[in-house]
Amino acid sequence: MLSKSKHLDAFLRFGPQRTWNMCVQVVHKRFCSMNESPELPNWVKYPLDGSSVVDSVDDFVLPTTVNYVSTKKVQDCKISMPSKITDNDVEEISTILKSLYTSPEEVVKALDHCYVVVSESMVEKVLKRFSNDWIPAFGFFRWYQMQSTYKHSANLYDSVVDILGKTKMFDIMWELVVEMFQLGGLISLTTMSKIMRRLARGGKYVDAIVAFREMERFGLSKDIVAMNVLLDSLCKERGVEYALDAFLEFKNEMPPNSHTFNVLIHGCCKARQLNKAQWALEEMERCGIHPCVISYTSLIEAYCREKDFRKVDAILDEMQSKGCPPNVVTYTIVMHSLGKAKETYEALGIYERMKRNGCVPDTSFYNSLIYILSKAGRIKDANNIYEDMSKNGCMPDVTTYNTMISAACDHSQVENALKLLQEMEETLCKPDLKTYAPLLKLCCQKKWMRILFFLLDDMFKKDISIEIGTYCLLVNGLCKSGNLGQACLFFEEMVLKGLLPWSNTYSRLVKELERKEMETEKEKIRQLMEQAKSMQQPC
DNA sequence: TGAAGTTTAA
């Protein structure tokens, strides 16, 4: 592993990308020289002979009591790797795309001499991997289009539209949509939904409405399904007012259905506009549509947020009397809110009430129960519920694992956390960003740099794209534990990826650099922040 | 990811 000063030196001399690659290479070399080839499952790379892997930098010794993968499994992996060639090709393309480019054209040029067999599924994989980096993603897509085997695929176009929208490159996104239109038959409701959702997320509410209004110009019919997508996008992205306006504009053109009203009621409730939610509920009844369990549950959620549990009880009773009894979602919301309000006893009472009413808990319900129990410090009870749920026919999902891992990390139980991560692999439950976040945080806190890099590399291989929150978590965590060199590296990498660091992350890093009198680095970070700000697209 | 619920935070 590179030492701290070497990191910093590399950071100042080569910039982040090369330094990052160097780090990853060093980690790779270590693991590869220990045991098997790099394509094998990650856990295999730990020594299987019972010896410990000790690193001079880390003070953490990887647990050897956990038998991660049996030797038999290792052999199985070597034999059955049907997609091995494709995987290698994905890796090869990824390595090229990981360099820094200033334009998609540059990416196309870089890929010019790349002779790999490309298939649509492989392109999908690469696009997913780079879904937070529009330049490599779009450049790669353009390069793929130039290959002789290329055939237009609506799916791939949709993916690229989504990436461009996600990274707020709306002008380029529209150019691509026009291209899709000209090629014919490529624009669908899926495309339009992505456009409307991404515009709304970027705060461009009016543009989202215009996109819907003009749908027919792209050869699609405006229907209630599309309108519900529009209203939902606006509501979910803090644009309830726009949603209500759009509803009034289009309601005569397209008769609303119960989805429409539930979207609006939920949106108003989330925006804490209870009077407007009430209006939507009445409007629903005026249209001859009865409020359903979803409508009531949205209201209950709103009162839960206000901690008005008396009102919640009243609505629960009203639901029963109107023959629209609460379901597992309703109970989850009430129990979770009581738990968060530190009323654990009452929360568990809801669990009893639900059982009494013959409502069966599901995985999400158990997840919530595990969460409130661990937050209340009742780890043992949480573990018991975790053991029980599969017996009751509810398989743990990614949220179950994330909650359990987070609880384990909160109590510095790394071995348990890693054991759970391993269990996910065995049960084919795909981890996500939230799985790794508490682990990364703990690594920063404890200065386990080797494991930190191992986990980051593992994430990349599992197509878990690191985003702004993760970078800030890393920078903050490393500031806290005093590894400023590495914190600077991550900061730079984040900026060069076009992300705008959170202002408190920036201030914290600057403050720490000041305290340690690292003036050169401080100046560099200041310039990077300026660069990041100037790179942002005005909304 | 999409009509409601469960992880998470500077």
Side-chain angles (χ1 to χ4, degrees), chain A residues 162 166 189-190 193-194 196-198 200-201 224-237 243 256-267 269-270 277 280 284 289 291-302 304-305 326-337 339-340 350 354 361-375 382 385 389 394 396-410 431-438 440-441 467-477 479-480 501-509:
Chain A
D162 197 51
K166 189 176 178 182
L189 180 61
T190 312
S193 301
K194 287 184 193 304
M196 291 188 287
R197 291 201 187 277
R198 291 306 179 189
R201 183 157 295 183
I224 190 65
V225 179
M227 178 167 116
N228 290 345
V229 172
L230 170 71
L231 299 183
D232 190 50
S233 313
L234 294 168
C235 282
K236 295 242 166 80
E237 308 302 336
N257 56 20
S258 60
H259 283 220
T260 320
F261 290 108
N262 285 333
V263 161
L264 291 177
I265 293 169
H266 182 245
C269 285
K270 281 265 157 154
M284 185 175 190
I289 303 170
C292 65
V293 62
I294 298 178
S295 334
Y296 287 119
T297 301
S298 292
L299 284 178
I300 285 188
E301 192 182 17
C304 277
R305 196 176 301 120
N327 63 15
V328 64
V329 178
T330 325
Y331 287 120
T332 308
I333 291 169
V334 179
M335 181 185 69
H336 194 76
S337 309
K340 276 203 157 169
I350 292 290
M354 179 174 102
D362 63 5
T363 297
S364 292
F365 181 88
Y366 281 120
N367 291 346
S368 183
L369 188 53
I370 290 172
Y371 175 80
I372 59 171
L373 286 171
S374 20
K375 286 287 168 188
I385 296 289
M389 60 188 284
C394 293
D397 64 6
V398 60
T399 307
T400 319
Y401 284 112
N402 291 357
T403 310
M404 294 289 294
I405 288 174
S406 174
C409 287
D410 277 348
D432 63 17
L433 265 173
K434 289 172 191 116
T435 315
Y436 287 91
L440 297 177
K441 203 170 153 186
E467 43 71 91
I468 183 83
T470 319
Y471 275 113
C472 290
L473 175 154
L474 291 168
V475 174
N476 277 328
C479 275
K480 213 177 198 172
W502 293 339
S503 63
N504 46 11
T505 303
Y506 167 68
S507 336
R508 169 146 207 190
L509 180 56

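Just so it is clear, the values below take in all heavy atoms, side chains as well, and ignore hydrogens, waters and symmetry mates. Residue numbers begin at 1 in each chain, while the letters A, B, ... track the order of the sequences.
- Closest to the Val263(A) side chain, of the nucleotides dA3(B), dA4(B), dT6(B), is dA3(B).
- In this structure, Lys194(A) reaches neither bases nor backbone, as no heavy-atom distance under 4.0 Å exists between it and the strands shown.
- If you check every strand for non-hydrogen atoms under 4.0 Å, Val398(A) touches nothing.
- If you check dT7(B), dA3(B), dG5(B) against the side chain of Asn402(A), the one that comes closest is dT7(B).
- Side-chain atoms of Cys269(A) and Glu301(A), non-hydrogen and from C-beta on, never get closer than 4.5 Å to each other.
- At a threshold of 4.0 angstrom between heavy atoms, the contacts of Asp432(A) with the nucleic acid are absent.
- If you take CD1 of Ile300(A) and P of dT6(B), they are 14 Å apart, rounded to a whole angstrom.
- Rounded to whole Å, atom C1' of dT7(B) lies 13 Å from atom CE of Met404(A).
- With hydrogens and angles ignored, a donor-acceptor pair closer than 3.5 Å exists between the side chain of Asp362(A) and the base of dG5(B).
- The side chain of Phe365(A) sits closest to dG5(B) out of dT7(B), dG5(B), dG2(B).
- Evaluation of the ring pair (Phe, Tyr, Trp, His ring centres under 6.0 Å) rule for His266(A) yields no partner, not counting sequence neighbours.
- Side chain of Arg201(A), nearest nucleotide from dT6(B), dT1(B), dA3(B): dT1(B).
- Residue contacts for Arg197(A): at a heavy-atom cut-off of 4.0 Å it reaches a base atom on one of the strands shown.
- With dA10(B), dT6(B), dA4(B) as the candidates, the nucleotide lying closest to the side chain of Ser368(A) is dT6(B).
- Put simply, Lys270(A) has a side-chain N or O that comes within less than 4.0 Å of OP1 or OP2 on dG5(B).
- A gap of 15 Å separates the P atoms of dT1(B) and dG5(B), to the nearest Å.
- In the model, Thr435(A) has a side-chain atom that pairs as donor or acceptor with a side-chain atom of Asp432(A) under 3.5 Å.
- Between His266(A) and dG2(B) there is no side-chain N or O to OP1 or OP2 distance below 4.0 Å.
- Nucleotide dA10(B) holds its C1' atom 9 Å from the NZ atom of Lys441(A), rounded to whole Å.
- If you check every strand for non-hydrogen atoms under 4.0 Å, Lys480(A) touches nothing.
- Distances were taken from every side-chain heavy atom of Thr403(A) (C-beta onward) to each of dA4(B), dT7(B), dG5(B); the shortest belongs to dT7(B).
- In this model, no side-chain donor or acceptor of Asn476(A) finds a partner on the base of dA9(B) within 3.5 Å.
- The shortest distance between the side-chain N/O atoms of Lys375(A) and the OP1/OP2 oxygens of dT6(B) is not below 4.0 Å.
- Residues Val329(A) and Val293(A) are not in side-chain contact: their nearest non-hydrogen atoms beyond the backbone lie 4.5 Å or more apart.
- For Tyr436(A) and dA9(B), the OH to P distance is 20 Å, given to the nearest whole Å.
- Atom CG of Asp397(A) is separated from atom P of dG5(B) by 15 Å (rounded to the nearest Å).
- Applying the 4.0 Å criterion to OP1 and OP2 of dT7(B), one finds that His336(A) has a side-chain N or O inside that range.
- Nearest to the side-chain atoms of His259(A) among the listed nucleotides dT6(B), dA3(B), dG2(B) stands dA3(B).
- Side-chain to base pairing of Ser364(A) with dT6(B): one donor and one acceptor N or O lie within less than 3.5 Å of each other.
- In this structure, Tyr471(A) places its OH atom 21 Å from P of dA9(B), rounding to the nearest Å.
- In this structure, Phe261(A) reaches neither bases nor backbone, as no heavy-atom distance under 4.0 Å exists between it and the strands shown.
- Comparing atom distances between the Thr399(A) side chain and each of dT6(B), dA4(B), dG5(B) picks out dT6(B) as nearest.
- Using a 4.5 Å cut-off on side-chain heavy atoms (C-beta onward), Cys409(A) and Lys441(A) make no contact.
- At a threshold of 4.0 angstrom between heavy atoms, the contacts of Ser406(A) are confined to the sugar-phosphate backbone, with no base atom among them.
- Screening Arg201(A), Lys194(A), Arg197(A) against Ser233(A) for a side-chain contact (heavy atoms from CB on, under 4.5 Å) leaves a single residue, Arg197(A).
- Between the C1' atom of dA9(B) and the CG atom of Asp410(A) lies a distance of 12 Å, rounded to the nearest Å.
- Taking atom CD of residue Glu467(A) and atom C1' of nucleotide dT1(B), one finds them 15 Å apart after rounding to whole Å.
- Partners of Tyr296(A) under the ring pair (Phe, Tyr, Trp, His ring centres under 6.0 Å) rule, at least two apart in sequence or in another chain, do not exist in this structure.
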